[in-house]
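This report refers to the structure that appears directly beneath it.
The chains referred to below are lettered A, B, ... by the order of the sequence lines, with proteins before strands, and numbering in each begins at 1.
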There are 2 protein chains.
Amino acid sequence: MTEVLVDGHASDRIPVDDRGFLYGDGLFETIAFVGERAPLWARHMARLACDARRLMMPPPDIETLAGECWSLAAGHDRCVIRISLTRGSGGRAYTPPERPATRRILARRPWPIDLDRQRRDGIELHTSPVRLAVGGELAGIKHGNRLEQVLAAEHARRAGVDEALLFDVEGNLVESVSANLIFRLDGALATPPLDRSGVSGVGLAWLRESARETIATRRIGTAELERIEGLMVINSVAGIRPARRLDGHILAIDPACRGWQRQWDRLFQCAD
Amino acid sequence: MTEVLVDGHASDRIPVDDRGFLYGDGLFETIAFVGERAPLWARHMARLACDARRLMMPPPDIETLAGECWSLAAGHDRCVIRISLTRGSGGRAYTPPERPATRRILARRPWPIDLDRQRRDGIELHTSPVRLAVGGELAGIKHGNRLEQVLAAEHARRAGVDEALLFDVEGNLVESVSANLIFRLDGALATPPLDRSGVSGVGLAWLRESARETIATRRIGTAELERIEGLMVINSVAGIRPARRLDGHILAIDPACRGWQRQWDRLFQCAD
C-alpha cells in the first residue's frame, strides 16, 4: 500500500538536490486523520499558506494536497500524514531559483503509540538544557529547520522523560519539543508568546477559540516556573496531555484538562 | 560520470525518511578541489568532527570520506564537493534513534562561475533585511538549518546584489550570506564574533593563522558600519573577495586584500 507520494507519485526517495534536504528550505504539516477525517485540515492549510508567504515560496496547491492526503488516509482508522513542501530543486547555493517549483512529499505514518495512555495518565517533562535562539524572522513558522528540537529531544531521551520544556536564550518559556504549552499561574490560564521563537500551533489556536476558559498570552521565566499550578501540552496530533511530573516534582492535573480533552474528542468524532 | 555518492553508491536520490530532509538534522562541508588537491581538507574535517560532537552525532569516518571525495574529484581541474552528513533515518519524530547510523551524501559541483571576476573586481553587497536569530546552541556550526541564509539570499537576488551583510536581531554584524567578513575600522582589521550566530568558517580560520596582519575579533553595530574603511568576504571556496559597493556606496579595496589573495593562490597551487 502506498505510504509516500512525491509530487503525486508513489516513491520513497527524493532528489539529492532538493532544497529541503540541502538547507531545510521548506515547510511541513503533521496532520491527524481519524476515521478518514482531518478536523483541523483548514487550519493546517491556512498556516501552510501563511508560512509559505513568509518564506517567499509559491503558495501551496491546497486542492491537490487534499486529494493526495485523503487517498493516503483511505482505509485507515487513525493515521498521521506529514506534508512536506520544499522549495524544490535548483537555484545557486542558498539563492533560490527565480521561479521555484515547489516539491510536495506526503508520507503516511502509523498513529503514535502511547498517546492514549499519555493523555490519560499524563507525561513527565524536564527543563531542557537546550535554549532556543531568539529572532523574529522564523518565529512561529513550522519550517524544516528543527535542529534545536532534535537536540532537545535527544537530551530528553537520554534523561528518560517524555517531553522537555524549552526556554529561549533570554530565559523565557516558549514551548515543549513538539507541542505548545498552557500553564496555570496565579489561578489564571496562559500560554507563552511565540513572537520570537517557537511554532504557532494549530491545536493551540483551535483550543483558544473553542475553550470556555480564557487562555491569556503571558511571558514567564525560569523563576516563575516553580510557581505554576498546572501544565498541559497541546499539539494537533496528540491533543491535550497533562504534565504529571516536571523536573522530578509532581504536578496536579489542571481542572481544565479533562473538559478540554472531551472537547477535543468531540471535534475528532463529529467534525466533517 | 558519477556526480553523487550516497553512502558510497552512485545515486541521485535519498530516502524520504532521511532526518537531514525531515529536520535539517545534519551537517555539511563545501570543499574546493583544485588540481585534485583540497588544501583546506584537514580544517574541513576537523570542523565536521567538532560539529558532529556538538550535535551529538557519531563522528564522521574521515578515511571513507577522503576516498570518496578524491574519487569524485578525479579528472577535474577545479570542482566543489559538498559533503552532507545526516543523522540518517529512524527515531521517533524529533527524537533520534538510540544508535543513529549517519548517512553521507557527496555531490560534485562545477566550479562557480564569476568567482575569478569577483575576486578581481569585487562584489556589491547590501545590508540584508533579514536579521539572524541569537542563540549559542547552534552558533558557529555548519549545520543543515539554513533558512535564514536562503531568505537573505532571496532578498539579495531581488535587490540585484552579489551578497548581503547579515546583522543579528540585536543589531550586531555577523557574516554575509555565504562567507565570513573582515572589515577595517579605525585603521585596524577585524572580524565579527561568531559566538551567538553565524558559521565559523575554515577559510577565515586559515587566514587568521596565516596572515601577517592581525585580524582582531570585534563586535560592531549598524552605526559603526558607516565608518568602515574596507570590507572583504572570505569563504573556503571563493577565497577572499573585496567589497566594492555597499548599500550603494563605493568602498576602496583594502590594502591587505591583494596580498591575501596571492597567499590564497599559493595555498591552492602548492599545498599537498
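Not counting sequence neighbours, the partners of D7(B) by the side-chain contact (heavy atoms from CB on, under 4.5 Å) test are R103(B), R104(B). The salt bridge (Lys or Arg N to Asp or Glu O under 4.0 Å) check on R245(B) picks up nothing, with sequence neighbours excluded. Remark: D114(B) engages R117(B) in a salt bridge (Lys or Arg N to Asp or Glu O under 4.0 Å) (not counting sequence neighbours).
Inspection of non-hydrogen atoms places R158(B), V169(B), E170(B) of residues 158-175 of chain B under 4.5 Å from chain A.
In terms of non-hydrogen atom pairs under 4.5 Å with chain B, the most contact-rich of L147(A), V130(A), T95(A) is L147(A). Across T30(A), D17(A), I141(A), I113(A), the residue that shares the most heavy-atom pairs under 4.5 angstrom with chain B is I113(A). Top candidate by heavy-atom pairs under 4.5 Å with chain A, chosen from A93(B), G91(B), S11(B), P15(B), is P15(B). Ranked by heavy-atom pairs shorter than 4.5 Å toward chain A, the options H143(B), Q149(B), M56(B), R87(B) are led by M56(B). Between chain B and the options A152(A), A133(A), G135(A), heavy-atom pairs under 4.5 Å are most frequent for A133(A). Each of V6(A), L55(A), L22(A) has some count of heavy-atom pairs under 4.5 Å with chain B, and the biggest count is that of L22(A). Annotation: maximal heavy-atom pairing with chain B below 4.5 Å, among P96(A), A139(A), G136(A), occurs at P96(A).
Salt-bridge formation is detected for the pair E29(B)/R47(B): a Lys NZ or Arg NE/NH1/NH2 atom is positioned less than 4.0 Å from an Asp or Glu carboxylate oxygen. A salt bridge between R78(A) and D116(A) is present, with a side-chain N of the basic residue lying under 4.0 Å from a carboxylate O of the acidic one.
Only the side chain of I105(A) comes within less than 4.5 Å of a heavy atom of chain B; its backbone N, CA, C and O stay farther away. Only the side chain of T86(B) comes within contact range of chain A, with heavy atoms under 4.5 Å apart. For R19(B), the part sitting under 4.5 Å from any heavy atom of chain A is the side chain, from C-beta outward, and nothing else. Only the side chain of D18(B) comes within contact range of chain A, with heavy atoms under 4.5 Å apart. Using a 4.5 Å cut-off between heavy atoms, S84(A) touches chain B through its side chain atoms alone.
Across all non-hydrogen atoms, the minimal contact from I234(B) to W264(B) is CD1-CZ3, 4.3 Å.
Separation of atoms CZ (R119(A)) and CE (M232(A)) is listed at 13.5 Å; rounding is to 0.5 Å.
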- Query: For L225(B) and L246(B), what are the C-alpha separation, side-chain angles and deciding distance, and is it a side-chain contact (heavy atoms from CB on, under 4.5 Å)?
  - Reply: CA-CA 10 Å; L225(B) 186 68; L246(B) 172 58; 4.1 Å; yes
- Give the intermediate values and the outcome of side-chain contact (heavy atoms from CB on, under 4.5 Å) for residues L138(B) and S197(B). CA-CA 7 Å; L138(B) 300 176; S197(B) 48; over 6 Å; no
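Evaluated for a side-chain contact (heavy atoms from CB on, under 4.5 Å) with I31(B), the options V80(B), L65(B), I83(B) yield exactly one hit, I83(B).
Contact of the R244(B) side chain with the E124(B) side chain is not registered, since no non-hydrogen atoms from C-beta on lie closer than 4.5 Å. The side-chain heavy atoms of L115(B) and V237(B), taken from C-beta on, include a pair separated by under 4.5 Å.
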